[in-house]
Colleague: 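Below are the structure tokens for one structure; questions will follow.
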Amino acid sequence: MKTKVKKIILIVLISACIIALIPLIYFAIPKNTKKAASQDGKLILGFSQIGSESAWRTRNTQSIFEAAEQNDIQIIFDDAQQKQENQLKAIRSFIVYQVDVIAFVPIVSDGWDNVLQEAKAAKIPVIVVDRQINCDESLYSGFLGENGFDEGFAAATFLVNKCRNRNSKINIVEFSGTENSSIATLRAEGFRSVINQYEKFEIIHSEDGDFLRSRGKEMMERIINANNGTKLNGKPIDVIYSHNDSMTLGLLDALHYHNINPSNMIIISIDAEQKSIDALVNGELNCVVECNPNSGPVLMDLVKKIAAGESIPRETYMSDQIFTETDDFSQYTPRGY
Ligand code: AHR
């Protein structure tokens, strides 16, 4: 009987000890909500890039990789091959991996709310790069990129000054960037905000060329073939406003193929890749508005600030310059892309 009582007391004591230890064991076990860290303790940035549709885009990706290396930040990179669905998958994989910060270049403006809610729920801060999005501002920490409205505004301001002594009608064809992308919308709005103040300017045609050289060539070819030259519905094309250099180089390819001298028109482009600066120097373009792709160093500063718990500005803009046909290029530094 005595040994039976002893046994019961022992069992009760052991059970009490186990119950007392449960909270300690619970807090000692790492939770699956703990952030993944790189093997060497570096910050991890999940970065979703649109693709490599232009030399500008390739330089932008390089700039981000170079700056990450200089700042000892590890990048988990995804190339979305021009598809939003790939970007959504990539961002979700960054969330599963529990990176420290997510940065992405949104190919189009809409459709990001759900995935950004998921990032917010996982407490992973997000930086929107290069293009802007339409969604609740509380879903991302900030935007870093160019001011598309100002770029369009600068392109139109050049045109207005160049045509200040012309009183006849001036017909403009616009080769627009990717439909529903913020950058195409803003470049169009900035341009119109200036030319709409003058009756003589008219946009007689605007078409989406998806920022691609092949599309720029194809659109120009179609116009030339259907109108037997640089005309549209009987109206001469006086100006081409192209939202990026890739499309501009494509339209120049078509003009060269048909032995049409580009200097018969005013051609304005955006980006300032080396090839378009060369075309400007050769008199084939009249104005190139820079879109600065070297956002890597600024992005890494923002990543480090966010990771340290600091807030970042809602919007950070890269500075751009404007190159025109009257510039002196004798002292100019090659672009490198
Ligand atoms: O979003 C920036 C634009 O995208 C650049 O002007 C263009 O070259 C790129 O494809």
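In listed order, ligands and their atoms are each counted from 1. Residues take their numbers from the sequence shown, with the count starting at 1.
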Colleague: Under 3.5 Å, N or O to N or O, is R187 touching ligand 1 that way?
Modeller: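 Indeed, backbone or side chain, R187 has an N or O that close.
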
Colleague: Between ligand 1 and W56, is the shortest N or O to N or O distance under 3.5 Å?
Modeller: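 No.
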
Colleague: Parallel, tilted or perpendicular: which one describes the rings of F47 and F77, with boundaries at 30° and 60°?
Modeller: tilted

Colleague: Go through ligand 1 atom by atom and flag the ones less than 4.0 Å from a non-hydrogen atom of E53.
Modeller: 4 (O), 9 (C), 10 (O)

Colleague: Is the shortest side-chain N to carboxylate O distance from E174 to R187 below 4.0 Å?
Modeller: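 Looking at E174 and R187, the cut-off is not met.
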
Colleague: With atoms numbered from 1 as shown, which atoms in ligand 1 lie under 4.0 angstrom from a non-hydrogen atom of D130?
Modeller: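 Numbered from 1, ligand 1 contributes 1 (O), 2 (C).
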
Colleague: Would you mind checking which non-hydrogen protein atom is closest to atom 7 (C) of ligand 1, with the distance to 0.1 Å?
Modeller: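 Looking at atom 7 (C) of ligand 1, the protein heavy atom closest to it is N244 ND2, 3.4 Å.
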
Colleague: Give the atom numbers and elements of ligand 1 that come within less than 4.0 Å of a heavy atom of F211.
Modeller: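 Every atom of ligand 1 under 4.0 Å from some heavy atom of F211: 10 (O).
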
Colleague: Are T324 and D327 linked by a side-chain donor-acceptor pair shorter than 3.5 Å?
Modeller: yes

Colleague: In terms of relative ring orientation, are Y332 and F329 parallel, tilted or perpendicular, with 30° and 60° separating the classes?
Modeller: perpendicular

Colleague: Before we go on, tell me: are the rings of Y140 and W112 under 6.0 Å apart, centre to centre?
Modeller: no

Colleague: Run the numbers on D245 and S269 for side-chain hydrogen bond (donor to acceptor under 3.5 Å, both in side chains), then give the verdict.
Modeller: CA-CA 6 Å; D245 283 348; S269 186; 2.5 Å; yes

Colleague: With a cutoff of 4.0 Å, is I270 in contact with ligand 1, counting heavy atoms of the residue only?
Modeller: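 No heavy atom of I270 comes that close to ligand 1.
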
Colleague: Is there a heavy atom of E146 sitting under 4.0 angstrom from any atom of ligand 1?
Modeller: yes

Colleague: Give a yes or no on whether a salt bridge exists between R57 and D130, defined as a side-chain N under 4.0 angstrom from a carboxylate O.
Modeller: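 Result for this pair is yes, salt bridge flagged.
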
Colleague: Output the list of atoms in ligand 1 that are nearer than 4.0 Å to some heavy atom of I183, sorted by atom number.
Modeller: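 Atoms satisfying the 4.0 Å criterion: 1 (O).
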
Colleague: Taking distance alone, with N or O pairs closer than 3.5 Å, would you say D271 contacts ligand 1?
Modeller: yes

